[in-house]
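All residue numbers refer to positions in the sequence shown, counting from 1. Computed from a prediction, not measured in an experiment: that's the story for all the values here.
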Amino acid sequence: MLRIVLAEDSVLLREGLVGLLERFGHQVVAGVGTAGELTAAVAEYGPDIVVTDVRMPPGFSDEGLRAAVALRETGPRLPVLVLSQYVQRAYAEELLDSGDGEGVGYLLKERVGKVEEFVDALQRVAEGGTVVDPEVVRQLLRHRRDPLSRLTAREREVLALMAEGRSNASVAEALTVSEGTVSKHFGSILTKLDLSLTEATNRRVLAVLAYLRK
């Protein structure tokens, strides 16, 4: 069971998320509607993870994200999963750069509708993983067109799935190929992009994303 502080200004969405999370055995220790309330709730409850919207009162710009980044500056080990209505590349980069880059996630709100994927992402972030929405990955890829032009279409698919935080087995299942084939593709990607990564899945994700953000 995860103890969660949830920050979402829409009462309907907030209550819906509370019900969904509790259905999977987690406890929402505080559901708040502003960035200030988020900061106070974290100080009071010491949650296992924070789930927050990007845009919150009073300015409805990036208050939720700013609060999340500030919380990770004072508590780098606090896992944070940010939900956004739209892809905001700068928001994603700032979140991924906060703390040591571990225990963070950036998902589009539409991903919440895919309940099992959302709950799985929540668990992975709480355990220190990094989870990035596929659309955010695509946005990052677009800013690296020149080096990535060396990759085949299949290698791009593998890279995008890896950047989502998937293991070789998960990538293999998604693409209906063997794990050995995935390993070969990823080895080719490393060679073409001149990357040297560790085998630890999360470290690999962070390195790939760091490269894409250059």
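From Asp62, atom CG reaches atom CG of Asp53 across 11.0 Å, with rounding to the nearest 0.5 Å. Rounded to the nearest 0.5 Å, atoms CG (Leu17) and CD (Glu22) are 11.0 Å apart. Between atom NE2 of residue His26 and atom CG of residue Leu2 there is a gap of 4.5 Å, rounded to the nearest 0.5 Å. Between atom CG of residue Leu122 and atom CD1 of residue Ile49 there is a gap of 4.5 Å, rounded to the nearest 0.5 Å. In this structure, Ser84 OG and Glu110 CD are separated by 10.5 Å, a value rounded to the nearest 0.5 Å. In this structure, CZ in Arg124 is found 8.5 Å from OG in Ser167, a value given to the nearest 0.5 Å.
Smallest separation of non-hydrogen atoms from Glu8 and Met56: N-CE, 3.9 Å. When every heavy atom of Thr130 is checked against every heavy atom of Glu102, the shortest pair comes out as OG1-CA, 4.1 Å. Pro57 approaches Asp9 most closely through the heavy-atom pair CD-CB, 3.6 Å. The two atoms that bring Ala67 and Thr39 nearest to each other are CB-OG1, 4.2 Å, heavy atoms only. Contact between Val82 and Ala68 at its shortest, heavy atoms only, is CG2-CB, 4.5 Å.
The shortest side-chain heavy-atom distance between Leu6 and Arg14 falls under the 4.5 Å cut-off. Val80 places none of its side-chain heavy atoms less than 4.5 Å from the side chain of Leu71. Val51 places none of its side-chain heavy atoms less than 4.5 Å from the side chain of Val5. The closest side-chain heavy-atom distance from Leu83 to Phe118 is below 4.5 Å. The side-chain heavy atoms of Val50 and Leu81, taken from C-beta on, include no pair separated by under 4.5 Å. By the 4.5 Å heavy-atom criterion applied to side chains, Val115 and Leu20 are counted as neighbours.
Looking at Arg3, its side chain never comes within 3.5 Å of a backbone N or O of Val28 through a donor-acceptor pair. Of the possible polar contacts, one joining the Glu37 side chain to the Thr34 backbone as a donor-acceptor pair under 3.5 Å is found. Within the 3.5 Å criterion, the main-chain N or O of Leu108 finds a donor-acceptor partner in the side chain of Asp133.
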### Query
Under the side-chain contact (heavy atoms from CB on, under 4.5 Å) criterion, do Leu161 and Ser170 qualify, and how do the steps go?
CA-CA 9 Å; Leu161 290 169; Ser170 178; over 6 Å; no
### Message
Between Ser188 and Glu155, does the side chain to side chain donor-acceptor pair (under 3.5 Å) criterion hold? Intermediate values first, please.
### Response
CA-CA 8 Å; Ser188 176; Glu155 287 168 350; 2.6 Å; yes
### Task
For Arg154 and Leu175, run side-chain contact (heavy atoms from CB on, under 4.5 Å): C-alpha distance rounded to whole Å, both residues' side-chain angles, the deciding distance at 0.1 Å, then the answer.
CA-CA 9 Å; Arg154 177 61 87 181; Leu175 299 179; 3.2 Å; yes
#### Entry: Candidate pair Ile4 and Gln27, rule side-chain contact (heavy atoms from CB on, under 4.5 Å), full reasoning
CA-CA 6 Å; Ile4 303 166; Gln27 179 186 9; over 6 Å; no
### Task
Evaluate side-chain contact (heavy atoms from CB on, under 4.5 Å) for Glu157 paired with Thr152, printing each intermediate quantity in order.
CA-CA 9 Å; Glu157 288 181 302; Thr152 66; over 6 Å; no
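At a threshold of 4.5 Å between side-chain heavy atoms, the hydrophobic network of Ile, Leu, Val, Met, Phe, Trp and Tyr places Leu107 and Leu21 in one connected group.
Note on Glu63 versus Arg66: no salt bridge recorded, every NZ/NE/NH1/NH2 to OD/OE distance being 4.0 Å or above.
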